[in-house]
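Notes follow once the structure below has been shown.
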Amino acid sequence: MFLLVDCNNFYTSCEEVFNPKLKDKMVVVLSNNDGCIIARSKKAKENGIGMGEPIFNYKSLIDRKKLIIFSSNFTLYADISQRVQQVLLTFDLDMEIYSIDEAFLFADMLSQDQLIKLAFSMKEKIYKWCGIPVSIGISKTKTLAKLANKIAKKSSSGICFLFNDTEIKNALKNTKIEDVWGIGRKYQKKLKSLSIFTAKNLIDQNDEFIKKNLTVSGLRTSLELRGKSCIDLEDITTFQKSILFSRSFSNKLTSFFDLKEAISTFVSSSAKKLRKQKMMARYMSIFIATSYFDKKNTFYANSSHLNFPFPTYFTSDLIKFADMALKKIYRPNIEYKRAGILLGNFSNENIFQMDLFSSPLSFEKKKRLIKAIDKINQKQKKRSVFFAAEGLNPKWENTPINKSCKYTTSWDELPKIR
DNA sequence: TCTGGGGTCCTAGGACCC
DNA sequence: TCTGGGGTCCTAGGACCC
């Protein structure tokens, strides 16, 4: 049996842990640049505040102090997530961290009664130790566990089991097709045009039809809904395949120089992430775009891809490559609103093919240099040492206005009790 | 003049997830 | 006026090989 443990309203719940007064209030957490709503408290959801909506739609609610807003604080959320995972580990089951607020667990050799008991004690322990409420769905496959979790969210106990065929059949009948894990916006539309409205409707189709319309992923989904497990627990050791860093700018950028500074900063951050995972990249993609919502000017978006002759995790190399890529897609006199970089095609830092013409000696030298830089930045303030290409005064960064403290990861920001 | 059949690898784009 | 960010998987088509 698979269990899906999912934190309720995760980001706003994290804020509540350190700010109990928020309980039963309308609270939302905002995206970068304080632009869109990316998390809502229960009360906010009940009052019809939509996911992904721009916050300026709710200006009057904020002015009247009915709606409390937070800038996102991912340092805090990631740390709380870690703590929840630690608690889950104490139950000694195979586990897959599926996202910042979800984990799949796999239990065999347990009776239904034991599973029920287990789920209740998990929920209780996580709340007691971390202050985070969770919902748990349990069933025969991951897709059914997801479905059970959705039902659990609405139930008073916060836990839902789908064990026998009648229970499952009923659940499928009452589940809208768009609520099935694996059916997104496009497929939903397609399926509805084919008169498929519920999960039950989907599993009643024949395999060939499903594969033709939804590819093998859709076929897997429907097999899973029928109770046949096709999606295994992901191995924890599976390594990451790409690193993306993208931002919308607070001020639009026009000059090549400004854009280059922003991109170089993105490169520097992604390279740091890459080194942390002891990986090297051989592929880079850069993209830039104007504002999608700017109706006055024509929309421009472009990307440029690059395969390096050798794998690297050196910021210096990557900044040079990024510069080459950016030159290909940059057009003058345009107001850019968004940019990003993607690194991929990874290999291990110790096992890789070197460039035939570079000397191992210079490689070692570069390695020592970058390790030293990382060390300094870790010990001292962030960005004590950085590359000139990143620029001294970023013109695109914004200062979040309503950010809570790093209560759990910074000595200077520990919660104070007065 | 007439020109086969069986493969692999790579990539862009489109779907999905949180 | 103000509109997010980070991932994975699958497929078709093009390039290549023998």
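We name chains A, B, ... by the order of the sequence lines, and we start the count at 1 in each one. Only heavy atoms go into these numbers, but all of them, side chains included; no hydrogens, no water, no symmetry mates.
- Remark: the separation of the C1' atoms in B:dC17 and C:dG4 is 15 Å, to the nearest Å.
- One N or O on the side chain of A:N73 and one on the backbone of A:S404 form a donor-acceptor pair closer than 3.5 Å.
- Only A:H305, A:N307, listed by number, bring a heavy atom of residues 295-308 of chain A to less than 4.0 angstrom from any atom of DNA chain B.
- Using a 4.0 Å heavy-atom cutoff across all strands shown, A:L30 reaches no nucleic acid atom at all.
- At a threshold of 4.0 angstrom between heavy atoms, the contacts of A:Y187 are confined to the sugar-phosphate backbone, with no base atom among them.
- Separation of atoms CZ (A:R383) and OG (A:S269) is listed at 8.0 Å; rounding is to 0.5 Å.
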- [ ] Sugar-phosphate means primed atoms, P, OP1 and OP2; the rest is base. With that split, encode nucleotides 3-16 of chain C 5' to 3' as B, S or - using protein heavy atoms under 4.0 Å.
- [x] BBSBSSSSS-----

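- In this model, no donor atom of one side chain and acceptor atom of the other lie less than 3.5 Å apart for A:S248 and A:N33.
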TODO: Would you write the dot-bracket representation of DNA chain C, where each base gets (, ), [, ], | or . depending on whether it forms a Watson-Crick or G-U pair under 3.5 Å and with which partner?
DONE: ....||||||||||||||

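- Two residues are said to be in side-chain contact when any heavy atoms from C-beta on lie closer than 4.5 Å; A:Y187 and A:K192 fail this criterion.
- Judged purely by distance below 3.5 Å, without hydrogens or angles, the side chains of A:T312 and A:D317 pair a donor atom with an acceptor atom.
- Side chain of A:Q82 to main chain of A:A78: no donor-acceptor pair is present (N/O by atom type, distance under 3.5 Å, no hydrogens or angles).
- Atom CD1 of A:I203 sits about 10.5 Å away from atom CG of A:L223, to the nearest 0.5 Å.
- The distance from the OG1 atom of A:T198 to the NZ atom of A:K176 is 11.5 Å, given to the nearest 0.5 Å.
- Among the heavy atoms of the strands lying under 4.0 Å from A:V180 are primed sugar atoms or P, OP1, OP2 only; no base atom is included.
- Checked by atom type and distance alone, the side chain of A:N47 never pairs as donor or acceptor with a backbone atom of A:I49 at under 3.5 Å.
- Taking CG of A:L219 as the reference point, atom OG1 of A:T215 lies at 8.5 Å (rounded to 0.5 Å).
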